[in-house]
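Just so you know, these numbers come straight off a predicted model, no measurement behind them. Just so you know, ligand 1 is whichever comes first in the structure, and atom 1 is the first atom listed for that ligand. For the single chain, residues carry numbers from 1 onward in sequence order.
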Amino acid sequence: MARLYESDAYDTGHWPDSHWRASAGAAVQMPPFEGEAETDVAIIGAGYAGMNAALELAERFRIQATVLEAGQPGWGASGRNGGFCCRGGAKLTAQQITRRHGAAAAQEWQTFERAAIERVRDNLSRYEIDAETGPEGELCMAHSPRAFARMQAAPLEPGAELIPRGALGERGFHAAGLHGAVLSPHGFPLHPLKYAQGLARAVHTAGIALHGDSAVTGLSRKGAHWLLETARGRLQARSVLIATNGYSDESLPPWLHGRIFPLLSAILVTRPLTEGECADQGWTSRVMAYDSRRVLHYYRLLPDGRFLFGGRGGVSARAAALTGFHATLRREFEAMFPAFAGAPTERYWAGLVCMTGSWRPFCGPVPDQPGLFAALGWHGNGVAAASEGGRRIAQALAGGANPAPAITQAPLERFPLPSLRRPLKRLAVGAAKLADRLG
Ligand SMILES: Cc1cc2nc3c(=O)[nH]c(=O)nc-3n(C[C@H](O)[C@H](O)[C@H](O)COP(=O)(O)OP(=O)(O)OC[C@H]3O[C@@H](n4cnc5c(N)ncnc54)[C@H](O)[C@@H]3O)c2cc1C
């Protein structure tokens with residue numbers, strides 16, 4: 001077992017105490033995998049990526065995969081995220097993608113990002129999932145005058161709107177320390193666990209074998225097949241998809257070691273706010289928002305009036321460290337939204353997002369391992385991207401050409417000094433916070 005954080009982060013025995021778990025209704029409960037079986041395709045991980053891959057295999061290619069999940073469907077990041085169905089998935093700017101992979105690849109990636117949002121919309125309608133979606137669009141809030149100047153200087157994409165500081169209040173977007181915003185027309189908020197559970201039901205309805213409490217502990221080549229071992233069974237598969245993202249065991253397969261960097265992201269949700277509190281603050285909109293900091297915050301008013309505020313920066317998954325990080329997050333929340341300071345945190349939880357050594361996702365065959373594929377590394381923006389990435393990789397799993405964007409098919413680089421990822425991250429967060437303060 002090779003994982004970066006303390007064992008608490010991977011304890012699938014219980015769900016995080018999230019607002020989503022508390023409001024999603026009965027959990028989808030899938031039985032463990034037991035005994036010996038054979039399957040065409042085995043999928044490790046029942047998050048958005050794994051479940052979308054399984055659905056696409058069944059619907060387009062008539063291949064019934066077997067999905068093995070260490071917890072229950074949606075237990076990982078897919079059931080505990082901020083619910084921003086938005087563009088993103090890579091840490092590279094369009095200019096960086098153009099420099100590294102060419103202009104066509106940059107264009108293709110942008111098309112993929114928009115298609116990914118439409119994929120989620122289509123899933124919600126096709127499988128009749130009520131995921132409490134909210135208004136269209138996403139706000140990027142300028143945290144400094146220089147950040148707003150950069151927004152003014154950048155070309156505005158079609159349908160987007162530049163909102164100066166003075167107009168934020170009248171639009172219901174007022175928070176302390178903001179200097180303007182860009183409202184993009186793409187994306188919408190949703191209830192992430194309702195979406196994940198809806199996918200799990202669709203997988204089950206399609207007759208696909210989906211097993212919970214079935215952590216894969218061994219993965220080895222046996223003749224022309226792969227052998228997957230769990231506590232209670234052994235599964236033989238022609239092809240395997242690794243869809244474990246931030247929860248990956250870096251020895252499954254060893255190729256993963258040092259190529260990914262799971263990071264902690266944490267969220268607090270308040271009690272329902274009153275109309276008066278929202279009016280006093282000047283934040284009455286339900287449009288989802290994040291800010292232009294390097295160590296960014298993301299926030300939105302939920303359909304039931306509660307407020308969600310999330311951020312990254314925690315370095316340990318131990319309970320005491322997470323409690324400490326809550327205090328930091330709470331301070332930052334109250335500084336931005338002083339009129340909400342009287343609304344205590346009702347629930348607070350954390351989870352793992354996944355960076356890669358190439359700062360973009362990987363969606364393709366694992367080198368020199370015939371039949372082994374991976375779809376992961378959504379850089380904290382996987383609601384849409386992991387859904388679409390899972391759909392695309394299905395075609396490759398079915399034996400066809402890989403239709404994933406070119407940037408996700410390039411070889412995945414290893415982080416230099418992988419064993420120092422966590423200590424170096426501590427330094428990087430400190431430096432990024434300093435840069436944020438300087439604007
Ligand atoms: C706090 C937080 C906030 C976020 N906010 C947003 C947001 O607002 N918008 C957005 O787009 N993205 C957000 N993200 C990121 C997004 O949730 C993820 O990118 C996305 O859910 C990844 O989906 P996935 O299927 O690849 O991985 P996951 O959903 O993490 O699923 C991986 C699964 O693999 C399972 N697994 C691991 N190892 C094994 C094994 N050996 N055997 C069997 N199963 C295994 C795990 O139990 C897990 O359920 C957030 C993430 C977090 C943690």
Could Arg80 and Trp349 be counted as a cation-pi pair, given that NZ or CZ must be under 6.0 Å from the ring centre and within 45° of the axis?
no

Residues in side-chain hydrogen bond (donor to acceptor under 3.5 Å, both in side chains) contact with Asp291, at least two apart in sequence or another chain:
Arg293, His297

Suppose we screen for ring pair (Phe, Tyr, Trp, His ring centres under 6.0 Å). Which residues come up paired with Tyr127, at least two apart in sequence or across chains?
none

Mind checking what makes salt bridge (Lys or Arg N to Asp or Glu O under 4.0 Å) contact with Glu59, not counting sequence neighbours?
Arg126, Arg391

Anything under 30° is parallel, anything over 60° is perpendicular, the rest tilted; go ahead and classify Phe309 against Tyr299.
parallel

Classify the ring geometry between Phe415 and Phe261 as parallel (under 30°), tilted (30 to 60°) or perpendicular (over 60°).
perpendicular

What are the distances between nitrogen or oxygen atoms of ligand 1 and protein nitrogen or oxygen atoms, counting only those under 3.5 Å?
residue  : atom   : partner : partner atom : Å
ligand 1 : 5 (N)  : Gly82   : N            : 2.9
ligand 1 : 8 (O)  : Gly82   : N            : 3.4
ligand 1 : 8 (O)  : Gly83   : N            : 3.4
ligand 1 : 8 (O)  : Phe84   : N            : 3.0
ligand 1 : 9 (N)  : Phe84   : O            : 2.8
ligand 1 : 11 (O) : Phe84   : O            : 3.2
ligand 1 : 11 (O) : Gly382  : N            : 3.0
ligand 1 : 11 (O) : Val383  : N            : 2.9
ligand 1 : 12 (N) : Gly380  : O            : 3.1
ligand 1 : 12 (N) : Gly382  : N            : 3.1
ligand 1 : 14 (N) : Gly380  : O            : 3.4
ligand 1 : 17 (O) : Ala77   : O            : 3.2
ligand 1 : 17 (O) : Asn81   : ND2          : 3.2
ligand 1 : 19 (O) : Gly382  : N            : 3.2
ligand 1 : 21 (O) : Ser78   : N            : 3.2
ligand 1 : 21 (O) : Ser78   : OG           : 3.0
ligand 1 : 23 (O) : Ser78   : OG           : 3.2
ligand 1 : 25 (O) : Tyr48   : N            : 3.0
ligand 1 : 25 (O) : Ala49   : N            : 3.0
ligand 1 : 26 (O) : Trp378  : NE1          : 3.0
ligand 1 : 29 (O) : Ala77   : N            : 3.4
ligand 1 : 29 (O) : Ser78   : N            : 2.9
ligand 1 : 29 (O) : Ser78   : OG           : 2.5
ligand 1 : 30 (O) : Ala77   : N            : 3.0
ligand 1 : 38 (N) : Arg3    : NH2          : 3.2
ligand 1 : 41 (N) : Val216  : O            : 3.0
ligand 1 : 42 (N) : Val216  : N            : 2.8
ligand 1 : 44 (N) : Ala70   : N            : 2.9
ligand 1 : 47 (O) : Glu69   : OE2          : 2.5
ligand 1 : 49 (O) : Glu69   : OE1          : 2.8
ligand 1 : 49 (O) : Glu69   : OE2          : 3.0
ligand 1 : 49 (O) : Gly76   : N            : 3.1

